[in-house]
Amino acid sequence: MAKNTRSIEERLQALEDREAIAQAVCGYGYAMDGCNAPAVGSFYAEDGVYAVADVGAFEGRPAVEAITRRETHLGLVHAGCAHISTPPYIVLDGDDAVATCHTMVAMHGENGFFVGRLSASRIQLQRQADGAWRIRHRQNYMLDGDPRGPAMLARLKEGRSLHEGK
Amino acid sequence: MAKNTRSIEERLQALEDREAIAQAVCGYGYAMDGCNAPAVGSFYAEDGVYAVADVGAFEGRPAVEAITRRETHLGLVHAGCAHISTPPYIVLDGDDAVATCHTMVAMHGENGFFVGRLSASRIQLQRQADGAWRIRHRQNYMLDGDPRGPAMLARLKEGRSLHEGK
Amino acid sequence: MAKNTRSIEERLQALEDREAIAQAVCGYGYAMDGCNAPAVGSFYAEDGVYAVADVGAFEGRPAVEAITRRETHLGLVHAGCAHISTPPYIVLDGDDAVATCHTMVAMHGENGFFVGRLSASRIQLQRQADGAWRIRHRQNYMLDGDPRGPAMLARLKEGRSLHEGK
């Protein structure tokens, strides 16, 4: 049991890191549904990238924050929607981490609620200078038959690769 | 990094608090789907309130527990349902906390499963005399176009307001 | 507050245990959607059992891993699917634990995404010789009116029973 060689401080820090990472992953969705741009931005690094395979890449915190003002997003919010991230599986490595989860956008329409989008997500986070964990790169693939989604989920136990994203 | 000024005891306590709060939030749904009234009640303060915008307010633990015996609830359970709370974003402040999440009720009908309800939730909890965290006030707004849902989600980083609910 | 009688080491260990258990519960789904058999197997004990009431029991790690190669599973993955576990309610008791959650399989079809399966899950885990928490027995009941699902969810606060499963 490797953990017995770690100090109380190291073990506590690792738990705090995992908690903070999980909060950034889930908090992003609530901030997005609330169209709270500063809160959305607080979860992303200044140069963070949100890469949505079927939509495009939002590069930099201002671009991610601006999603809250897009017509397509406002249309979803006005009709009723929930950007849901499932509990993330986290690989922690010092000041870097990779979180794997599903993201589901449940929506409201004329016939009630429905699952509008369903994606695989691989999220690279980093501990920043102020101690906060923020997203550096998030890759989403729709789970609609695109083989890149399952291929990315299969890597849940892999930490950050040298040449991956940022 | 503010946390470095906190003691091991304080940091450990904060992690335990967050874990206990998350358990109360998710446990409530399983207890409700199992029609286990005492378990439902164990997550609510004696004078706790569950305010469902489109249904009404259930005031006090006995009223919340009694949901398990309502005809509408039993109908859902007999047909098949899951009261799901997504991972909560938690603002912790001493003996008080606010948790923000989505709640989804997935149901079973003639044509299979469907998303029957989808709400925004803002949950105020308090550490009680016995050390347990319990819900003092929970506000739900259906995410069906009601603008109060997104407005409430936008407050995910705000702690308890002086005049909010209880 | 019983916890004040516990040492820092005991409290830290309990938090690490809960974190590891939650990771095994959610990680399983991502591994399954990624058809990553070794990752799936890593969450199950050598003699672990995955009992799906309406399908049958998969007994032993190799049988659970082999689900990733089943035609029915590959069909879901190729069409697009997400095996989602909701945040687990955990009863921890030394080297044993029971986690209660819902499991939902969201799928993709001709008319978009839909909730294909929705189950109640009761998952018994054990700390193994290498220190890792693994699943010894997982029972799923479809939430389609089968009364065993709600009856099992009602037991969310019960630890492992002597004669339950393994």
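Just so you know, these numbers come straight off a predicted model, no measurement behind them. Chain identifiers are assigned alphabetically (A, B, ...) following the order of the sequence lines, protein sequences preceding nucleic acid strands; residue numbering begins at 1 within each chain.
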Are side-chain heavy atoms of [X] and [Y] found at a separation under 4.5 Å?
{"X": "C:M32", "Y": "C:H73", "result": "yes"}
{"X": "A:R117", "Y": "A:H83", "result": "no"}
{"X": "C:V64", "Y": "C:R138", "result": "no"}

Legend entry - C:Y28 and C:Y50 aromatic ring geometry - parallel, tilted or perpendicular at 30°/60° bounds: perpendicular
Legend entry - Heavy-atom pairs under 4.5 Å with chain C, option from A:A120, A:C101, A:A14, A:S119 with the top count: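 Maximum pair count with chain C is reached by A:C101.
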Legend entry - Closest-packed option against chain C by number of heavy-atom pairs under 4.5 Å, given A:V115, A:L118, A:T86: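 The answer is A:L118.
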Inset, instruction - Report the option among C:A24, C:C26, C:A22 that has the most heavy-atom pairs separated by less than 4.5 Å from atoms of chain A. - result: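 The option with the most such pairs is C:C26.
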Name the region of [X], side chain, backbone, both or neither, that has any atom closer than 4.5 Å to a heavy atom of chain A.
{"X": "C:A79", "answer": "backbone"}
{"X": "C:C81", "answer": "backbone"}
{"X": "C:E19", "answer": "side chain"}
{"X": "C:S85", "answer": "backbone"}

Legend entry - Minimum heavy-atom distance A:A20-A:W133, with the two atoms named: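 So the minimum-distance heavy-atom pair works out to CB-CD1, 3.8 Å.
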Legend entry - Taking every non-hydrogen atom, the tightest pair across A:Y44 and A:V49: CE2-O, 3.9 Å
Between [X] and chain C, with a heavy-atom cut-off of 4.5 Å, which part of the residue counts as in contact: side chain, backbone, both or neither?
{"X": "A:L156", "result": "side chain"}
{"X": "A:P147", "result": "neither"}
{"X": "A:L15", "result": "side chain"}
{"X": "A:M152", "result": "neither"}

Inset, instruction - Would you check if there is a donor-acceptor pair between the side chains of A:K157 and A:T100 at a distance under 3.5 Å? - result: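 A:T100 vs A:K157: no donor-acceptor pair found between side chains.
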Legend entry - Cationic N near anionic O, under 4.0 Å, A:E16 to A:R127: no
